[in-house]
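Below, chains carry the letters A, B, ... as their sequence lines are ordered, and counting in each starts from 1.
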Amino acid sequence: MAFLNALPGAIAEGLIWGLMAIGVYISYKILDIADLTVDGSICTGACVCAVLINAGVPAWGSILIAFLAGAAAGVITGLLHAALGIPSILAGILTQLMLYSVNLAILGGRSLATLTPGTSKLLHMSNNPLAILAAGLIIIAVIIILWLFFYTEVGLTLKSTGDNPDMSRAQGINVKLNKVLGLAISNGIVALSGSLLAQYKGSANINDGRGAIVIGLAAIFIGLSVSMKIKPNLVVSLVGVIGGGIVYYVIYNFVVLLGLKTDYLKMFSAIIVAVFLAAPYLKSMYFTKKKPVRAQTASARTDEGGDGNA
Amino acid sequence: MLKIRDLEKTFNPGTVNAKTALSGFDLTLNDGDFVTVIGGNGAGKSTMLNAIAGVWKPDYGTIEIDGVDVTNMPEHKRAKFLGRVFQDPMKGTSPDMEIAENLSIAARRGDKRKLVWGCSRKEKEGYRDLLAQLGLGLEDRLSTKVGLLSGGQRQAVTLLMATLKKPKILLLDEHTAALDPKTAAKVLEITNKLVTENNLTTLMITHNMHDAIEYGNRLIMMHEGHVVVDVSGEEKKKLTIDQLLSLFETASGSRFTSDKVMLSK
């Protein structure tokens, strides 16, 4: 019974984190970059939104500005990587660290900003059905915009940039610029979800978003394990990712209700993601051992085709 | 058309692994030249092609395409002049995208990409006709992800992509080397058809001496980073493999060594 009572809240929170996972999907799946900026940019989104709403800016305006703030963070990571040649994973970590200071500055040096009661909010945990509706509508809008975007000339080149950078350059695509653009969109969406999170919880905390990348990846793996079996296209994948976010939070709430100490939840998230990341590797190891003859011929073939690049 | 002057490139300079891949490389291509390139292991063939494509900058020398000095132009900007097919069939296409999407990206090579529909229905109909000409049955598989195609099919699609927007120069880097003999012959046949129909200026590296002699109007042989043999016209048509080898030995002062070429002889 307690679980059923907690369900609407879990779904609302799952939707918000699912939106964040869509941002991670763009960097991780489309651009093929594990972007750790998101741990910082989701918090930036939350902080910007909280401060603006308290200053009297309408909620919709606040989430748009939060989106832009996140996009700016993505641009920084993109430039560190593409223009300065820093490996993408380190570029993300550097920006994430910078954002910790930036977020503290946004919050005026405090670690917590509580939304003043009575200010305009799109969603709040006190009314879960409405929160689900509001988050759902925003997610639908984001998915439609992304769906249209990824079929434009620019969108197609963004896909090919992550899929095959050599081919992309040979076809006249500015791969570096595309990475910056993709990271901006990705972190913009992540910050947008952060702004929804701040409204939902009624506060923004400097520690919000720690481990967000892990939750995002968990939602992606859970979602894609189902959606890839249905139809491997963008919209189905994105809906799957949202579903993954919801499943994650329902499980999360269930585990909390079972009495697991919340201190251990990050461990729990990391283990889920580690299992999903390790699965393909372990699977290949298992098959190699089982069919050594086939594996040998395959490697012999690679040796043959591999030389001669004089 | 293409003018290369005194090109030089050393990889890993100043280390024990230093390797001078190009030195004193000169080459001028005329409009419509179809040049086959052969050479031993490490003669600098691929390095030369990558230099033209702008994969990295040469240490010295200049490269001019169609009167434009492209020596310092980044790879993606230079792409507007060039059609490229790589040795690795996986390298020229985007596996997770549809055949039609790959072609639509290639159709806009050199153009500014905008926020407009990237692959229209009308465009797809045009691709259907082009794919039909390949004779590989790909015309009914426009929405198939390229990753599901065989190496030969991917190489054929890459060829189409390289020539969809007529390039100033077509660069083929041993593009049949990774294919089985039958598929290689088919891809080569498609290559010859596309090149002659569009009168494309082409540089084709090959390890097969028969192909090098049979195709194109000009043949160059590379050794230690520069051209040592350059034959064209009637002289090239009458060439035999043994003549070619002796030409090489006289010009370079050494025996021709390439396991792959020897095996294919």
Could you please spell out the steps behind the side-chain contact (heavy atoms from CB on, under 4.5 Å) verdict for B:Met97 and A:Ser160?
-> CA-CA 8 Å; B:Met97 297 174 74; A:Ser160 78; 3.7 Å; yes
Applying side-chain contact (heavy atoms from CB on, under 4.5 Å), run through A:Met167 and B:Ile105 and close with a yes or a no.
-> CA-CA 10 Å; A:Met167 166 270 195; B:Ile105 283 180; 4.2 Å; yes
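For the atom pair CG (A:Leu177) and CZ (B:Arg113), the distance works out to 12.0 Å, reported to the nearest 0.5 Å. Note: B:Arg108 CZ to A:Ile173 CD1 = 11.0 Å, rounded to the nearest 0.5 Å. Taking CD of A:Gln171 as the start and CZ of B:Arg109 as the end, the distance is 5.5 Å to the nearest 0.5 Å.
The residue among B:Leu82, B:Asp96, B:Val116, B:Asp111 with the most heavy atom pairs within less than 4.5 Å of chain A is B:Val116. For the set A:Asn164, A:Asp163, A:Val154, A:Leu156, the entry with the most heavy-atom pairs within less than 4.5 Å of chain B is A:Asp163. Top candidate by heavy-atom pairs under 4.5 Å with chain A, chosen from B:Ala21, B:Pro95, B:Gly147, B:Ala162, is B:Pro95. When A:Asn174, A:Leu148, A:Thr157, A:Asp166 are compared by the number of non-hydrogen pairs under 4.5 Å with chain B, A:Asn174 comes out ahead.
Of the atoms belonging to B:Lys112, it is backbone heavy atoms, and not side-chain ones, that fall under 4.5 Å from chain A. Within the 4.5 angstrom heavy-atom criterion, only backbone atoms of B:Met90 (N, CA, C, O) approach chain A. For chain A, no part of B:Ala53 is nearby; none of its heavy atoms comes within less than 4.5 Å. Heavy-atom distances place both the backbone and the side chain of B:Lys91 under 4.5 Å from chain A. Interface remark: B:Thr158 contributes no atoms to any contact with chain A (heavy atom separation under 4.5 Å). There is no contact between A:Phe150 and chain B, counting heavy-atom distances below 4.5 Å.
No more than 12 heavy atoms of other residues, nucleotides or ligands shown are found within 6.0 angstrom of NZ on B:Lys168. Shown here is B:Glu224, whose CD atom has no more than 12 heavy atoms of other residues, nucleotides or ligands within 6.0 Å. Environment of CH2 in A:Trp147: sparse, with no more than 12 heavy atoms of neighbouring residues, nucleotides or ligands closer than 6.0 Å.
Residue B:Ala79 comes nearest to A:Ala170 through the heavy atom pair CB-O, 3.4 Å, listed as atom of the first residue, atom of the second, then distance.
Between the side chain of A:Glu153 and the backbone N or O of B:Lys114 there is at least one donor-acceptor pair closer than 3.5 Å.
Taking 4.5 Å as the limit, every side-chain heavy atom of B:Val55 sits out of range of all side-chain heavy atoms of A:Arg169.
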